[in-house]
Amino acid sequence: MSRLPDLEGLALLAKVAEERSFAGAARSLNLSVATVSRAITRLEARLGAQVFNRTSRKVALTDFGRRLAERGARMLLEAEEAETAARDLSSRPRGTINLALPMSFGLREIAPIVPEFLRQYPEIVLNLHLSDAAVDLIGEGYDAAIRIAALPDSSLVARKLRSMSRFIVASPAYIVRYGRPQSPSELNVHHCLGYAYRARTGTWHFTHENGEQVSVTPTGPLSVTNVDALLPTLLDGIGIAELPSFVADPFVSDGRLEVLLPEWRLPGGGLYFITPSSRVRPARIDVLSDFLAAHLSRRASAPRAPT
């Protein structure tokens, strides 16, 4: 395979010819004279011909060098135009974004604000992948993801959009039928519903207001891969479940669910916008991150005590 052309040498040749000196070319490019001189010498050695006649007082293009410098100048101009065009494209919010996000959260909180985002950025195409299963951003070709509770691994860049509370709930019918647990350890004898994609396995970790910590591994008649699938069974009074605030809040507010063990707290989590590690991100990713931060931070909510 043939070597690539010495593009740097050709560009510096054109610049020296334009400035009529090595020193002038070096100043205009913020390089040392030695760097420019070495590049020209390397180009001459590669081509097997002189491009400049050098004296102690000046440099002058040879006939060969003049013809080559003209081509180098055209090449340099085209390269500068290509960079300008690329910079313009990268600074404009345009192109496709492949975004992975949890299904329930995506349907409740992302889908309703998508129309506004697309109106603001009509040159962006948004592909939403809704699934509670964790995805490999880099391996599966995603530009970004929204994750709840679990902190991202070190190879990813995370922006926290807001805190996310989780708490234990049951319907009034369940409490009438089976009683209200007074401590986390009592959950071992209750019917607890499971969520398969919990970030910290199936164990519930509690911390009391006084600092006491208790962990339980509940069991029950149902486990699901999407929290919305818990709701019919939960509302029917068949079990207890751990829910994130964005799912439970409306039901707690209207009395269909009650918060259990309000003096005990589950580990605090967060809502994160995750991207692969990169020093430079396309404008479309930055505007999506800013848009989500502005809209989702307004919806933060805290656990409510049972009424």
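Treat the numbers as computed from the prediction; the structure is a model and nothing was measured.
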Here the gap from L261 atom CG to S183 atom OG, rounded to the nearest 0.5 Å, amounts to 7.0 Å
How far apart are the closest heavy atoms of A39 and L12, and which atoms are they?
CB-CD1, 3.3 Å
Considering non-hydrogen atoms only, spot the tightest contact between C192 and L187 and give its length.
SG-O, 3.7 Å
For the pair F246 and I148, evaluate side chain to side chain contact (heavy atoms under 4.5 Å, CB included) and give the outcome as yes or no after the intermediate values.
CA-CA 11 Å; F246 74 89; I148 296 173; 3.7 Å; yes
Quick one about R159 and S289 (side-chain donor to acceptor, distance below 3.5 Å, no hydrogens or angles considered), yes or no?
yes
Is V51 reachable from V33 through a run of I, L, V, M, F, W or Y residues, each pair having side-chain heavy atoms under 4.5 Å apart?
yes
Side chain to side chain contact (heavy atoms under 4.5 Å, CB included) assessment of L47 paired with F64:
CA-CA 10 Å; L47 299 176; F64 172 78; 4.0 Å; yes
R284 bridged to E123 by N-O distance under 4.0 Å:
no
So, R162 side chain and G270 main chain: donor-acceptor pair closer than 3.5 Å or not?
no
Do V125 and I110 share a hydrophobic cluster, counting only Ile, Leu, Val, Met, Phe, Trp and Tyr and linking them when any side-chain heavy atoms are less than 4.5 Å apart?
no
Which residues satisfy the ring-ring contact (aromatic ring centres under 6.0 Å, His included) test with Y174, sequence neighbours excluded?
Y178, H190
Joint hydrophobic cluster, L10 plus L76, side-chain heavy atoms closer than 4.5 Å:
no
Please set out all donor-acceptor pairs under 3.5 angstrom arising from side-chain atoms of residues 211-223, sequence neighbours excluded.
unit_1, atom_1, unit_2, atom_2, d
S215, OG, H205, ND1, 2.6
T217, OG1, T203, OG1, 3.2

Under 3.5 Å: donor-acceptor pair, side chain of R166, backbone of P267:
yes
Crowding at CG, N30 (>12 non-hydrogen neighbours, <6.0 Å):
no
Go through the steps to decide whether R180 and E186 satisfy the test salt bridge (Lys or Arg N to Asp or Glu O under 4.0 Å), and finish with yes or no.
CA-CA 9 Å; R180 183 188 299 273; E186 292 184 18; over 6 Å; no
Using every non-hydrogen atom in the two residues, find where D254 and F251 come nearest and quote the distance to one decimal.
OD1-O, 2.8 Å
Given side chains that start at C-beta, do those of F105 and I146 come closer than 4.5 Å, heavy atoms only?
yes
With sequence neighbours left out, what residues match F117 under ring-ring contact (aromatic ring centres under 6.0 Å, His included)?
Y121, F291
Between T35 and L31 (side chain of the first, backbone of the second, donor and acceptor by atom type, cut-off under 3.5 Å), is there such a pair?
no
More than 12 heavy atoms from other groups under 6.0 Å of CZ on R71:
no
Side chains of I113 and L292, heavy atoms from C-beta outward: is any pair under 4.5 Å?
yes
Roughly how far apart are L266 CG and I168 CD1, rounded to 0.5 Å?
5.0 Å
Minimum heavy-atom distance I124-P93, with the two atoms named:
CG1-O, 3.5 Å
Do the side chains of T96 and L126 get nearer than 4.5 Å, heavy atoms only?
no
Please list all pairs meeting salt bridge (charged side-chain N to carboxylate O under 4.0 Å, His left out) that have one or both residues in residues 132-143, counting only residues at least two apart or in different chains.
none
Would you say the side chain of I274 lies within less than 4.5 Å of the side chain of L137, judging by non-hydrogen atoms?
yes
Less than 4.5 Å apart, side chain to side chain, heavy atoms only: is that true for I175 and L260?
yes
Got L296 and L271 here, is their nearest side-chain heavy-atom distance under 4.5 Å?
yes
Is a side-chain N or O of S165 found less than 3.5 angstrom from the main chain of S245, in a donor-acceptor match?
no
How far does CG of L43 sit from OG1 of T41, to the nearest 0.5 angstrom?
9.5 Å
For D236 and S171, which I'm curious about, is there any donor-acceptor pair between the side chains at under 3.5 Å?
no
State which residues pass side-chain hydrogen bond (donor to acceptor under 3.5 Å, both in side chains) with D286; sequence neighbours excluded, sorted by chain then number.
R281
Just by distance, do the side chain of R256 and the backbone of S253 share a donor-acceptor pair under 3.5 Å?
no
Mutual orientation of the aromatic rings belonging to Y142 and H129 [parallel < 30°, tilted 30-60°, perpendicular > 60°]:
tilted
Over all heavy atoms of both residues, which pair between L234 and G239 is shortest? Give the atoms and the distance, please.
CD1-O, 3.2 Å
Apply the test side chain to side chain contact (heavy atoms under 4.5 Å, CB included) to residues L7 and M75: give CA-CA distance (whole Å), side-chain angles for both, the deciding distance (0.1 Å), then the verdict.
CA-CA 9 Å; L7 302 177; M75 179 200 71; 3.7 Å; yes
Rounded to the nearest 0.5 Å, how far does CG of L99 lie from CD1 of I285?
8.5 Å
Atom of W264, atom of P184 and distance for their closest heavy-atom approach:
CE2-CD, 3.4 Å
Stepwise, does the side chain to side chain contact (heavy atoms under 4.5 Å, CB included) test hold for D228 with L231?
CA-CA 5 Å; D228 276 310; L231 290 173; 3.4 Å; yes
Point-to-point distance, once rounded to the nearest 0.5 Å, from CG of L101 to CE of M103:
9.0 Å
Do E44 and L13 come within less than 4.5 Å of each other through their side chains, counting heavy atoms only?
no
Shared ILVMFWY cluster between L118 and L107, side chains joined below 4.5 angstrom?
yes
With rounding to the nearest 0.5 Å, note down the distance linking CD in E109 to NE2 in H295.
12.0 Å
L257 and I238: same hydrophobic cluster, using ILVMFWY side-chain contacts below 4.5 Å?
no
May I ask you to decide whether R108 forms a salt bridge with D249, counting only side-chain N to carboxylate O separations under 4.0 Å?
no
Considering only residues two or more places apart or on different chains, which pairs with a residue in residues 14-28 satisfy salt bridge (charged side-chain N to carboxylate O under 4.0 Å, His left out)?
K15-E18
Are R38 and E8 within salt-bridge range, i.e. N to O under 4.0 Å?
no
